[in-house]
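Quick note: numbers below take in every heavy atom, side chains included, and nothing from hydrogens, waters or symmetry partners. Chain letters run A, B, ... following the sequence lines, proteins first, then strands; residues in each count from 1.
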2 protein chains.
Amino acid sequence: MDRTLSEEAYAKHLNEARKLLYDYLPLTDEQWEVFKQGFKIRKYHKGDFILNGGETEHFLSIVITGCTRHYIIVKGEEKSFDFSFQHEFNCSYSSFIQQEPSRFFIQALEDCVLASIHYDFLQQLYLHYPGSNKFGRTAVEQYYIWREQREISLMIDSAQERYLRLMEKYPIYLEQVPLKYLASYLNIKPESLSRIRKKLFEER
Amino acid sequence: MDRTLSEEAYAKHLNEARKLLYDYLPLTDEQWEVFKQGFKIRKYHKGDFILNGGETEHFLSIVITGCTRHYIIVKGEEKSFDFSFQHEFNCSYSSFIQQEPSRFFIQALEDCVLASIHYDFLQQLYLHYPGSNKFGRTAVEQYYIWREQREISLMIDSAQERYLRLMEKYPIYLEQVPLKYLASYLNIKPESLSRIRKKLFEER
DNA sequence: TTATCTTCTTAACATAGGTCAATTTCTGGC
DNA sequence: GCCAGAAATTGACCTATGTTAAGAAGATAA
């Protein structure tokens, strides 16, 4: 991991983080001065591990640039579970919540810059700034809704429907995620994804 | 729905709710006096609908007695998504969070008594009692972890593994949930569940 | 208790997606 | 630009689960 960043670049990234947070947590300049102490800008190269399975997740991050893949390993095989794209949160959330070892690996799919809040700092915030509790709650709520939709889709849609829906609603997946990871995210094998894509292509 | 309850019974149920909440939100007697204003004890008969699809979920409830089933309807078919047993939360959570129409139906599997907090009251609490924010956050966090585990299980386990795991960790499902609902929860058809059960039975 | 309706089980057959193996296309380092 | 390794595709075959239909077992109401 290359952490070398000019002071200006660092400040610029922090400012972006503030903007992205704004919807959850609008802060006065004064409040921000406190808040930003808790942020750490982290930079990764493509392929780097942001979190290893078995490690505890200490950071709730915002992806300033790049994107990440979250996966578990089952019987020696990687199962892609989630991706975080630019301007989204990135966190092994259940590990973060419980401060227990993560089942997930998180890897940089591209070069990445993350703005990360440390768990301990967030707990301090919760204690001293009641308003920040709302931020914590809202963040999990968004996560929850996302999980629920995925679960419904896994239950009721065929692989082809899952693929089509994803392409329609979030074409960024096709643009930024290699097909083998996408297949795994759709809960099928790369060969099956190929077949589905071929069929769709031939049908039009 | 039969709401007739003696005053003593009502008070007793409220007290149970307080006890069950304690882990999330320990309250002094004084605080409880405020808090309990927001609770409503609701009673249902087996088969009653606690929430209909399309309605907005206004209550976050605790199941005092009984159990409930949450399902969606897809192409005319019911898909069981979740159950709430005695002493657990019961809520169409994403509808509650967003105060938008619920995709889920919630039905009483047995006669039920619920202690329910109204959405508006909870928002007031969040405003006036910073501590209650933590309650809200913790509740969603628990929900989140549950959803994540289910999603992982749907992705990596075979139907038989899902059945075995459920029996081992939560035998209450087999005790309280009719097989056709259980099948749907495991994301298979009743016929497949029958086959799996038969096979497991013959193997021992 | 009997009659009726629902749930559960079984069996024969169909299909989506998995597995394995070979081939083609893409990609990154020299 | 060339080459090696990785990613993606294709085809033949396999398996778990779905589908349909029938009957058995349980539940409910008169």
Rounded (10°) bend between the five-pair end axes of the helix from C:dT1-D:dA30 to C:dC30-D:dG1: 60°

Under-4.0 Å side-chain N/O to phosphate OP1/OP2 contact, B:Ser194 with C:dC8: no

Whole-Å gap separating P (D:dT17) and CG (B:Asp157): 11 Å

Nearest-angstrom distance from the residue atom OH of A:Tyr181 to P of D:dA7: 6 Å

Close aromatic pair by centroid cut-off 6.0 Å: A:Phe81 and A:Tyr185: no

Distance in angstrom units between B:Gln176 CD and C:dT7 C1', rounded: 18 Å

Side-chain (B:Glu57) to main-chain (B:Phe59) donor-acceptor, under 3.5 angstrom: yes

D:dT19 OP1/OP2 closer than 4.0 Å to side-chain N/O of B:Lys189: yes

Residue met sooner reading DNA chain D from 5', once B:Lys46 and B:Asn187 are mapped to nucleotides: B:Asn187

A:Pro190, nearest nucleotide to its side chain (from D:dG18, D:dT19, D:dT9): D:dT9

Euclidean distance, atom CG of residue A:Leu193 to atom C1' of D:dA8 [Å, nearest integer]: 10 Å

B:Tyr71 and B:Phe104 aromatic centres sub-6.0 Å: no

Atom pair distance, as rounded to whole Å: CZ in B:Arg197 and C1' in C:dC8: 9 Å

Integer-rounded Å distance: D:dT15 C1' and A:Glu191 CD: 15 Å

Proximity of B:Tyr119 and B:Phe96 rings by center, below 6.0 Å: yes

Rounded interatomic separation in angstrom, taking CG from A:Leu182 and P from D:dA8: 9 Å

A:Arg195, nearest nucleotide to its side chain (from C:dT9, C:dG17, D:dT28): C:dG17

Minimum heavy-atom distance A:Leu14-A:Ile41, with the two atoms named: N-CD1, 3.9 Å

Validation row, ring centre B:Tyr144 to ring centre A:Tyr144 under 6.0 Å: no

Of the listed nucleotides D:dA21, C:dG18, C:dC8, the one nearest the side chain of B:Leu179: C:dC8

Minimum-distance nucleotide to B:Lys180 side chain [options: C:dC20, C:dT7, C:dT10]: C:dT7

Atom-to-atom span, NZ of A:Lys198 to C1' of D:dG11 - whole angstrom: 8 Å

B:Arg147 bridged to B:Asp82 by N-O distance under 4.0 Å: yes

